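Down below is the structure, laid out as structure tokens.
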Protein chains: 2
Amino acid sequence: MNLRIKDVAEAAGVSVTTVSRVLSNNGPVRDAVRQRVLGAIEQLGYRPNAAARRLRSGDTATIGLIVSDVRNPFFTEVSRAVEDAAYQQGLRVILCNTDENSEKEAMYLRLMEEERVTGCIYSPTHDAAQRFKAQAYDFPVVMIDRAGPAGSADAVVLDNRDAAARLVEHLVERGYRRIAGLFGNASTTGRERHDGFAQALGRHGLPVRAEFVEPNPESALRHVGAWLADDPASRPDAIVASNGLLLLGAYREMRARGATPGADIALAGFDNDSWTDLVTPGITVIAQPVYEIGKIAMQLLTQRLADPSMSTRSLVLPGELVIRGSTAAR
Amino acid sequence: MNLRIKDVAEAAGVSVTTVSRVLSNNGPVRDAVRQRVLGAIEQLGYRPNAAARRLRSGDTATIGLIVSDVRNPFFTEVSRAVEDAAYQQGLRVILCNTDENSEKEAMYLRLMEEERVTGCIYSPTHDAAQRFKAQAYDFPVVMIDRAGPAGSADAVVLDNRDAAARLVEHLVERGYRRIAGLFGNASTTGRERHDGFAQALGRHGLPVRAEFVEPNPESALRHVGAWLADDPASRPDAIVASNGLLLLGAYREMRARGATPGADIALAGFDNDSWTDLVTPGITVIAQPVYEIGKIAMQLLTQRLADPSMSTRSLVLPGELVIRGSTAAR
DNA sequence: ATGAAAGCGCTAACAC
DNA sequence: GTGTTAGCGCTTTCAT
């Protein structure tokens, strides 16, 4: 199958231009001729060479998607949304996992440049987001989950401060007073959620107990373990986790130590991952419109592509507080 | 940044050939010259054009990964394993979700051809697997999770019959007798697991109650709902689900109807998805070596690329029975 | 160790 | 409505 467009042209008795026009469905071709070409393509089993096409046309029809880890259900869903939207528009997706590692991040950004991607959807670590210079790239970038400094790039993010504050309000209303929080140390998101958390506690004159940790279940295990080992009189009566991975670790550690969320200590956090309503009692969470975030990111990208001069936009979506048994009234 | 290799050559005062040699790190270049070229690249911010490279070299360094849905935790993990292995070897990955839809499947296979992928890792629907002709493709294909007819392509799969049989043996040993099974109707895997299930029941002289259904939680809901509505004397006393999605649906429906797995009716199935040991009681499952499946698939692919004449290999991995409370003795 | 030049397969001017 | 041709940016003989 090392057929070239020329072979098709000969088989159909037309020029390569005509074949090209049929393939890309642009430019005038008589219907009879089109059928003849299509027939030849079919019969020979010809497949246009994507690399040649991209080189010549200067349009790669490729978008890059850089996330920390697809195994995080948040990014699993986002990536599916992005891929659905992309393939519908005839765009190909290159998916990269950075593991919150700045070296991988730099390497994948370089990969995007070499691929001459049409655009890129990017979830940067906090440091990378601060340093990010959109002008350094020839393609538009849409940040998701985490934005850089205002105006540095289009972004779609959650209203993190508000969501974290609502979690605190809910806990306070339910009678909890010694509220401790676990926040991811790698992302802007973690900081914003911390700020909303701390401010809300401050409004109630409550002490702020917070840790910034590596955003994985294991680090949650350690910190929650330490908290639970505290003197019962002073240990937290409620724990908040700033993302699904930390929430999972916190839950596991509580169960491992025989603590029932909502009975012994309240537990709440971010991300309505499927396990949170499967366990008993269910876990109170801030649900993010996950699929929508991916979909909107693609829309922002498409619009930016259509009009590069448009001013930078940041879409802030509200989280939804889903109340379950893990924050039962004291 | 519309720099070409020629610009780098001029800046460094060498020929494009030399720059190319430095870029691909092959061919002799004096160290002083190499440094000069590297400096020019760095200073200009040059990035080689991947499409041009691929077109000229004929090597796309790209592998295709076709799965039904990355949101299925099995494929999430597999895809992460494949991507890790691929990027380590300097290969790019194109990920496609077919949703068990044969049109999408055909379209993505065609995409692989146009991309001139180096190789492809593919989880076909049952029908596509039967029809699959490896000779029709210019690149090697490794099937995962589901194999085609013997010898049609390299494959890495679970020992499905054995695993399903062990699930049945376990249930019988625990005192269950009216065992019903839910099996995916789209994949070879579902059939094999059904066969192991049915044979094991047969060995014990037990009746076979099985349904082939669309492999998603919703269809499990319906069937389990119908079973639970049965006359208590004749309704199943144990339910087996042939993959993680069906198991999840079965679990939800049981809880919705107030049935506790392991107390009222036993529940067991495939895929050690994270929720299965979070719920109480935990769910007895066959755990698959998921990350390893992806990793091995890449190894098979790499070896096949190194020696295309090698005879077709099918790697069959054992599942691990993880016993939890959902199959407590009656 | 380095360079000149051909050409990968396609699309887009431009001519007719 | 169709064809001729230049050239996208790179790698790879083949010379030197």
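Note on naming: letters A, B, ... go to the chains in the order of the sequence lines (proteins, then strands), and numbering restarts at 1 for each one. The structure displayed is predicted, hence computed values, not measured ones.
No more than 12 heavy atoms of other residues, nucleotides or ligands sit less than 6.0 Å from atom CD of B/Gln43.
Side-chain N or O atoms of A/Asn97 include one that pairs as donor or acceptor with a backbone N or O of A/Val70 at under 3.5 Å. With A/Ser187 contributing its side chain and A/His126 its backbone, the two residues share no donor-acceptor pair below 3.5 Å.
None of A/Leu65, A/Leu109, A/Val142 except one satisfies the side chain to side chain contact (heavy atoms under 4.5 Å, CB included) rule with A/Tyr122; the exception is A/Leu109.
B/Phe139 is linked by a ring pair (Phe, Tyr, Trp, His ring centres under 6.0 Å) to B/Tyr137, counting only residues two or more places apart in sequence or in another chain. With sequence neighbours excluded, the residues forming a side chain to side chain contact (heavy atoms under 4.5 Å, CB included) with A/Thr62 are A/Arg54, A/Thr60, A/Arg92, A/Ile94, A/Val117, listed by chain and number. Under the rule for a side chain to side chain contact (heavy atoms under 4.5 Å, CB included), the partners of B/Glu100 that lie at least two apart in sequence or sit in another chain are B/Ser68, B/Thr125, B/Arg146, B/Ala186, B/Pro215. For B/Asn216, the side chain to side chain contact (heavy atoms under 4.5 Å, CB included) criterion is met by B/Glu214, B/Glu218, B/Ser219, not counting sequence neighbours. With sequence neighbours left out, B/Arg313 forms a side chain to side chain contact (heavy atoms under 4.5 Å, CB included) with B/Asp154, B/Leu300, B/Gln303, B/Met310.
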Let me have the donor-acceptor pairs involving side chains of residues 24-35 of chain B, under 3.5 Å, with sequence neighbours excluded, atom names and distances please.
residue, atom, partner, partner atom, Å
B/Ser24, OG, B/Ser20, O, 2.8
B/Asn25, OD1, B/Arg34, NH2, 3.4

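DNA chain D is contacted by no residue of residues 30-43 of chain B, taking any non-hydrogen atom closer than 4.0 Å.
Evaluation of the side chain to side chain donor-acceptor pair (under 3.5 Å) test over residues 291-301 of chain A, restricted to residues two or more places apart or in two chains, returns A/Asp84-A/Tyr291. Within the structure, every pair that satisfies the ring pair (Phe, Tyr, Trp, His ring centres under 6.0 Å) test and touches residues 70-100 of chain A, not counting sequence neighbours, is listed here: A/Tyr87-B/Tyr108.
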I need a per-nucleotide contact map over nucleotides 8-16 of chain C, read 5' to 3'. Cutoff is protein heavy atoms under 4.0 Å; write B for the base, S for backbone only, - otherwise.
BBBBBB---
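With axes fitted over five pairs at each extremity, the angle between the ends of the helix from C/dA1-D/dT16 to C/dC16-D/dG1 is 30° (10° resolution).
For DNA chain D, the span of nucleotides reached by chain A at under 4.0 Å from its heavy atoms goes, 5' to 3', from D/dG1 to D/dG9.
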